[in-house]
Amino acid sequence: MDEFLCGARAMAPELIQMRRALHGMAEVGMWLPRTQAYVAQRLADMGCAVDEFPGGGLCARIGPEGGGPAFCSGHGPDCPGFCPGGVAGRRAPHFL
């Protein structure tokens, strides 16, 4: 646990910068193209393979060449077609 806490503390400045950037690009409603683009780029910078859904949301796969577990945040009808395993009807963020 101490190793995890130390790692989290080391990331604090970067996380604060990300939070400030997100709050600086306020968008209204459920269509958040600038926020989605920012999050997708940050995840890609961290080595995730990212699929963006045209209707909003994204799926980030962790690991070499995106071969690991996935986190999906899709509230559009496009999520089932993009998510590995086809999780039909899942509109809230979920892990695969």
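The chain is numbered in sequence order, starting from 1.
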field: CE-CD distance between M46 and Q41, expressed to the nearest 0.5 angstrom
entry: 10.5 Å

- line: In this structure, CE of M11 is separated from CD1 of I16 (nearest 0.5 Å) by 11.5 Å

query: Are any of the side-chain heavy atoms of L43 and L58 separated by less than 4.5 Å?
result: yes

task: Compare every heavy atom of R61 with every heavy atom of D51, then report the nearest pair and how far apart it is.
output: OD2-NH1, 2.7 Å

- request: Can you run down the salt bridge (Lys or Arg N to Asp or Glu O under 4.0 Å) pairs that involve residues 31-43, sequence neighbours left out, and say none if there aren't any?
  value: E14-R42, E27-R34

query: Should the heavy atoms of other residues, nucleotides or ligands under 6.0 Å from CZ of R19 be counted, would the total exceed 12?
result: yes

